[in-house]
Amino acid sequence: MAGFDKLTEKFARRIARGTSRRSMLAWLGAGMTGAATFPVLPVARAATHGGGPTHSPVTAGIDQDPGDRTSCDYWRYCAIDGFLCTCCGGSVSSCPPGTEMSPITWIGTCTNPADNRAYIISYNDCCGTSSCGQCLCNRNEGDRPQVRPQSNNDYNWCLGSQSSVYNCSTAVIVGVALDQPK
Amino acid sequence: MAGFDKLTEKFARRIARGTSRRSMLAWLGAGMTGAATFPVLPVARAATHGGGPTHSPVTAGIDQDPGDRTSCDYWRYCAIDGFLCTCCGGSVSSCPPGTEMSPITWIGTCTNPADNRAYIISYNDCCGTSSCGQCLCNRNEGDRPQVRPQSNNDYNWCLGSQSSVYNCSTAVIVGVALDQPK
Amino acid sequence: MRFLALALALSVSASAVSAAPAAYPTPLPEEPIPTVKALPKAWPKSWVVIHDFYFASILDGRLAVVDTTSANQPLKGLVRAAQFANSLVSRQRGEIYTAETFFSRLTRGERTDAITIWDMETLQPKGEIVLPGGKRQQSVTYPHLFQFTNGEHWALVANFTPAQSVTVVDLDARKILSEIDLPGCAQIYPTGERGFSSFCADGSMFSVTLDDKGQVASSKTIAKVQDIDKQPLFSTPAMMGKTGWFVSYYGQVQGFDFSGPVPRPLPGAFNVGTAEGGAPEWRPGGWQVIAADAKGLLYVLMSPNGREGSHKDGGTEVWVIDPAKKARVARFPLRSVGVAVGVTPEDTPHLIVARADGVIDVHDAATGAFVRSLGATVAANPILITPVP
Amino acid sequence: MRFLALALALSVSASAVSAAPAAYPTPLPEEPIPTVKALPKAWPKSWVVIHDFYFASILDGRLAVVDTTSANQPLKGLVRAAQFANSLVSRQRGEIYTAETFFSRLTRGERTDAITIWDMETLQPKGEIVLPGGKRQQSVTYPHLFQFTNGEHWALVANFTPAQSVTVVDLDARKILSEIDLPGCAQIYPTGERGFSSFCADGSMFSVTLDDKGQVASSKTIAKVQDIDKQPLFSTPAMMGKTGWFVSYYGQVQGFDFSGPVPRPLPGAFNVGTAEGGAPEWRPGGWQVIAADAKGLLYVLMSPNGREGSHKDGGTEVWVIDPAKKARVARFPLRSVGVAVGVTPEDTPHLIVARADGVIDVHDAATGAFVRSLGATVAANPILITPVP
C-alpha cells in the first residue's frame with residue numbers, strides 16, 4: 001500500500017500546487033483508484049431545497065451551463081452526496097470560507113444538457129467546519145459499492161485534509177470525458 | 001464566594017446521599033440561591049410533540065396527577081426549558097440511562113389542577129449525553145432575568161455533573177409549597 | 001456574600017398558603033433526587049438499536065435504543081456514536097461498542113479514534129480502546145465496517161486512508177492485536193471461528209484466518225464471487241446464522257456460507273422477481289435493503305422507480321423471499337418510503353421499517369399488516385436497524 | 001497492489017466518445033482545485049452575524065455570516081460556536097471571537113474552555129486563549145456574557161459555577177489577566193474606558209473599573225436601578241453608542257449611560273404603550289426583543305398575548321419607539337412570529353427579523369415594509385442577530 005499512499009500524496013501535492021488540470025487528468029487517466037465523497041440520505045433529493053422559499057436561481061449566467069446550482073437537479077450533481085456548497089457560503093466549485101477543500105475525492109461523469117458533453121466532475125468535500133445543514137442532495141447515477149471506491153459516494157473524503165469533519169460538497173469540472181458515461 | 005460554593009457542595013452531597021426531601025426543603029427555605037435549568041426555544045411549546053403522531057398519553061395513572069407527561073401542557077412543566085426526559089428514555093422524575101442527573105438546579109412552583117396545591121418542582125437536567133432532540137418544551141411562568149438565578153431557566157445546570165453536555169430535563173416533585181405561586 | 005443574602009431574601013418572599021381540596025387530603029409524594037433509569041439486564045426481543053446518522057451534525061451521531069412495542073415511549077436511551085461511527089451490540093457480553101472519532105476542538109485539532117465500551121444496563125461508558133493512526137474508515141454507516149470475530153472476544157475495524165486495512169482488537173484485554181493490509185478490498189464479513197472475508201474490486205473475495213495473536217494465519221482469494229458491473233451487491237447482507245444473503249442492485253440474491261475458514265458462495269443465485277407497477281421497474285432501494293427472520297425468510301425493500309442510481313432511494317414495498325424455494329412468497333406495501341428494514345427475533349416477529357421522514361413503523365412480519373407507528377420520535381436520520389440477537 | 005491494479009483497470013473502462021453540438025464548439029473550462037472562498041476585508045453593512053443555538057446538537061452551535069441583501073445565497077459561511085458559546089465581532093481587529101467549551105470525547109472526558117480567534121476574511125482560526133477553571137457560564141446565548149472593554153484590546157467572560165465571576169482577557173497578548181468575583185450579579189455591560197457593570201439580584205447595579213493590569217481599580221454600587229419584581233428588564237439592551245436601552249417584561253423602557261466610569265441610569269423611564277388587539281395585552285416577547293438604529297430609534301418585538309411567562313414567546317409586531325420623545329412612532333406587523341430583531345447600519349437601514357420557524361425576514365426599517373425573505377436557509381435556531389458595526 002505504500003505505493004498507493006505515495007501516489008495519493010503526490011496527487012494531493014500536485015493539486016495543492018495548482019498543477020494544470022490537463023496534467024492531473026493525464027495522471028487520473030493513468031489510473032487513480034479514485035474514491036468517493038460522502039454521505040447519503042436516502043431520498044435526500046426530495047428533501048433538498050434551494051436558497052429560500054421563492055428565490056431566484058443561482059446560475060452560471062451562460063447558456064452552456066444551465067440550471068440552478070442550489071437545486072439538486074443541477075446537471076453537475078448527478079452523483080453528489082451531501083450538502084451543496086452553493087448553499088453554504090461556497091459555490092459549485094469552491095468551498096465556503098473557513099473550510100479546507102479535500103485534496104482528492106471521487107470523480108463522477110455527468111452530461112451537460114446544453115452541450116451534450118460528458119464532463120468529469122470532481123466532488124471535492126469541504127472540511128473542518130461541521131455539517132452545513134443546507135441543501136442536502138443525494139444522487140447516485142453511477143454509484144457503485146464501496147469495494148469500488150472510485151465509484152462510491154459514501155466515503156467521507158475529508159481525509160487528506162487537516163480535519164475529517166465534513167461541511168459540504170462541491171462539483172468541480174476537471175475536464176471533458178473522453179467517453180460518455182454508461 | 002467560598003461560602004456559597006461550600007453551601008452548594010453540601011447541598012449536592014445531601015442530594016447524592018438521598019437526604020430526606022423535608023430536610024432539603026428546610027435548607028432551601030433557609031435560602032438557596034437556586035438556579036436555573038436550561039435553554040429556551042421561543043415558541044418551543046408549539047413545536048413540541050409527544051411520543052408519536054397519535055399516541056396514547058403517558059400518565060401517572062392516578063387522578064391526582066393528571067395530564068400527558070409527553071405534552072408540554074402537563075402541569076409540572078410550568079417553567080421547564082428543554083427536552084422532556086419522558087420522551088428521551090427517562091421519566092418526569094428520572095433521567096434516561098447513560099446520563100447523570102444534575103445534583104442541583106432551579107426550583108419552580110406549579111399548581112396541580114387536580115388537588116389545587118402548589119408544588120415545588122425541581123427541574124433537574126440530565127447530563128453527559130448530547131441533545132435528546134425530542135419534545136422540546138419551553139414555558140416561563142415565573143421565569144425572571146439571569147440576575148436572579150433561582151428564577152431563571154436559561155442557565156445550563158449540567159454543572160455539578162461530570163459533563164456539562166445537556167440531554168433533557170425532568171420535573172421532580174420535591175415538596176408542597178408553603179405558599180401559592182404569584 | 002452581600003448580594004447572595006439579598007437574593008436569598010427575595011427568593012423566600014415569593015409565596016401565600018392555600019387550602020387543598022378535600023378530595024385529595026394527601027399531597028403527591030416527594031420524589032427522590034437523583035434518579036437515573038436503568039435498562040433490563042436482558043433486553044426484550046422487541047428492542048432494536050437504530051443508528052441515527054444525524055446529518056445536521058454528523059460529528060454528533062447517536063444510537064437510539066428503541067422499544068418497538070411502545071407507541072408513546074419508544075426511546076429508551078441514546079448512546080453516543082460520534083463522527084461517522086460504527087457500532088456493535090453483544091448480548092452475551094452485555095456491552096455495546098462504538099467505533100468513533102473525536103477532535104480536541106470539536107471540529108479541529110488533535111484527532112483520536114477509539115472504541116468506546118458501553119454497559120447495556122446503564123448505557124454508561126465502561127472504558128475505551130484507542131485506535132492508533134487516525135485511520136478508522138469514515139463512511140455513511142455500514143454495519144460491516146466493524147464486526148466481531150473469535151466468539152465476540154475480538155473486534156475488527158475497517159480503515160481507509162485511502163489505504164485499506166483492518167485493525168484487530170482484543171475486547172477482553174482492551175488492546176490492539178494487529179493491523180492487516182487489505183489492498184483493494186472493502187467491508188468485513190466474519191468468517192469461521194477467527195477470521196474474516198472482504199469483497200475486492202475485481203469481483204473476488206479475499207479471506208483471512210487469524211492466529212491466536214491476531215496475525216494472519218492463512219489467506220485465500222475466491223475469484224469472481226460477484227460481477228460488480230452487471231450485478232453489484234449491496235454491501236450489507238441479511239445474516240441467517242453464519243450465512244449472509246446479499247442482494248444486487250437488480251434484485252439478484254446470492255448467499256455466502258461464512259461458517260468455515262473460507263467463505264463458500266452458495267450455488268444457485270436467483271432473482272427477487274418482477275411485478276406490475278414498476279416505472280420503469282421494481283428494484284431494491286434503500287440503505288439497509290435486506291433483512292432475515294428466524295424462519296429463514298428474507299425481506300427486501302423494493303422501489304417501483306428502479307433505474308440507474310435509484311439504489312439508495314428507498315422503497316415502498318417489502319418483498320418476502322424464501323431462499324430455499326428461490327421464490328417470492330409475499331409483497332407487503334409500506335405506509336411511506338422506507339430506507340432500512342429489520343426483523344425482530346420475537347416469538348411473533350415484527351418487521352421494523354425506518355422511513356425517509358424519520359418515522360419508524362412496525363408491521364407484522366408474517367402478514368405485513370401494519371401494527372403501530374412509533375412516529376419520528378427516536379432518530380432524525382435512522383439508517384440502520386439492529387435487532388438484538 | 002494486485003487489487004489496486006484491477007480497480008484502476010475497471011475505472012478506466014467506464015467510457016465512449018460523443019460529438020458535442022455545433023452550438024458550443026468549446027467545452028466549459030476546467031476549474032481550479034483547491035478553491036476556498038474568502039470574504040471581503042471590509043464586510044458590507046448589510047451583513048449580520050446570526051447565532052444558531054442549534055438545539056438538536058447544542059454542543060455543535062454555530063454562527064452564520066449572513067448577507068441580508070441576498071435571497072438566494074444569504075449564507076456566506078459558518079463559524080464554530082460550540083456548547084453554549086458566546087461570540088464577539090471586531091471590525092477594527094478584523095476578528096471574530098468565540099468563547100466555547102469542549103470535551104475530549106465530545107460529550108465526556110476532559111473539559112477545555114477557550115476563546116477561539118477567527119479571521120474575518122478567511123473564517124479560519126488564528127489561535128486560541130484557554131480559559132482556566134472550567135467555569136465559563138453556559139446559558140442560552142446572551143450577548144452580554146462576553147464583551148469587549150479597553151478599546152477592544154480586552155475581553156470579559158462571564159463565569160458561573162454557580163459562583164459568579166468575570167475573567168479579564170488580554171486579546172493582544174492572548175493571555176488571562178485576572179478573575180473578578182461578582183457574587184449575586186449577572187451579565188456584563190462594558191462601562192467607561194476600562195470596566196464593566198452588572199445587574200445584581202437586589203435590583204442594584206455593580207460597577208468596576210479596571211487598572212492596566214486588569215485588576216479592580218475601583219468599584220461602586222448603584223442602588224435600585226431596577227425593580228426585578230415589578231419591572232424586570234430583559235438582560236439584552238439595544239446599544240446606541242455607549243447608551244444601553246433596556247425594556248422590561250411589561251414594556252417599560254430604561255436607558256443607562258455607560259460612557260463614564262460609573263453607569264448613569266437615565267431619568268424618565270417610560271412605557272412603549274398599549275394597543276388594541278391584545279389578549280390579554282401587548283408585551284415585549286422574544287429572545288432579543290430590542291434593537292436600535294443609527295438615528296436613535298428603538299425597535300421592540302411585541303406579543304399580543306402578553307401574560308405571565310409570555311416574555312420569551314416571540315412577537316408578531318415591532319413597535320418603533322423614539323426615546324427622545326418617549327413615544328411610539330410606528331407599529332410594524334411581521335409576517336410571522338419573530339424571536340430576535342436587529343437593525344443594519346446601512347445607509348437605508350433594514351430591520352432583520354429572525355422567526356421562530358428559522359426564517360429570516362428583511363424589512364425596511366423606516367417603513368416596516370417587507371423587503372425580502374431569506375427563507376430558513378442560514379440557521380436552525382436563530383436567536384441573536386449581530387449587525388457588524
Side-chain angles (χ1 to χ4, degrees), chain B residues 3-4 15-16 18 21 29 31-34 49-53 55-58 64-65 70 86-91 93-101 103 112 114-119 122 124 126 129-130 132-134 148-151 167 172-182, chain C residues 1 3-5 7-12 14-21 23-24 26-39 52 54 57 60 62 64-65 70-80 82 118-119 121-125 359 372-380:
Chain B
F4 185 30
I15 300 228
R21 286 323 88 211
M32 175 203 177
T33 294
H49 67 102
H55 70 281
S56 51
V58 175
Q64 198 182 344
D65 190 351
T70 65
T86 306
C87 302
C88 300
S91 72
S93 60
S94 62
C95 284
T99 67
E100 180 184 6
M101 187 177 264
N112 177 345
D115 68 9
N116 204 34
R117 286 186 181 87
Y119 287 85
S122 179
N124 296 66
C126 304
T129 299
S130 186
C132 154
Q134 303 295 334
R148 196 177 277 177
Q150 77 277 15
S151 307
N167 179 244
V172 185
I173 294 178
V174 293
V176 178
L178 297 174
D179 313 311
Q180 284 289 65
K182 285 182 291 188
Chain C
M1 291 305 295
F3 294 109
L4 175 62
L8 300 177
L10 287 166
S11 90
V12 169
S15 304
V17 186
S18 79
Y24 301 106
T26 313
L28 293 171
E30 298 162 11
E31 295 163 328
I33 293 173
T35 305
V36 179
K37 278 203 174 178
L39 301 180
D52 189 351
Y54 227 61
S57 181
D60 192 21
R62 58 275 302 275
V65 179
S70 175
N72 60 6
Q73 287 188 295
L75 181 58
K76 310 313 289 181
L78 295 174
V79 174
R80 186 188 66 210
W118 307 86
D119 183 86
E121 274 186 83
T122 65
L123 300 187
Q124 291 286 347
V359 168
R372 73 182 63 85
S373 180
L374 310 185
T377 61
V378 299

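Labels below follow one simple rule: chain letters A, B, ... track the order of the sequence lines, proteins then strands, and each chain is numbered from 1.
Residue with the most contacts toward chain C among B/Pro57, B/Pro96, B/Gly90: B/Gly90 (heavy-atom pairs, distance under 4.5 Å).
In this structure, chain B has a heavy atom under 4.5 Å from the backbone of C/Ala379, while its side chain stays farther away. Only the backbone of C/Val378 comes within less than 4.5 Å of a heavy atom of chain B; no side-chain atom from C-beta onward does. Contact annotation for C/Arg80: neither backbone nor side-chain heavy atoms come within less than 4.5 Å of a heavy atom of chain B. Residue contact with chain C, scored on non-hydrogen atoms closer than 4.5 Å, involves the side chain of B/Thr129 exclusively.
Across all non-hydrogen atoms, the minimal contact from C/Asp60 to B/Ser130 is OD2-OG, 2.5 Å. Nearest heavy-atom pair across C/Tyr24 and B/Arg117 is O-NH2, 2.7 Å. Minimum heavy-atom separation, B/Asp115 to C/Leu28: OD2-N, 4.4 Å. Across all their heavy atoms, B/Gln134 and C/Leu75 have their closest contact at CG-CD2, 4.1 Å. Across all their heavy atoms, B/Ile173 and C/Pro29 have their closest contact at CG2-O, 3.6 Å. Closest non-hydrogen pair, C/Thr35 versus B/Ser93, comes out as CB-O, 3.7 Å.
We find the NZ-SG distance between C/Lys76 and B/Cys88 to be 12.0 Å, quoted to the nearest 0.5 Å. In this structure, B/Cys95 SG and C/Lys37 NZ are separated by 11.0 Å, a value rounded to the nearest 0.5 Å. For the atom pair B/Ser94 OG and C/Ile33 CD1, the distance stands at 11.5 Å (nearest 0.5 Å).
Between the C/Gln73 side chain and the B/Gly89 main chain, no donor and acceptor come within less than 3.5 Å of each other.
By the 4.5 Å heavy-atom criterion applied to side chains, B/Glu100 and C/Val36 are not counted as neighbours.
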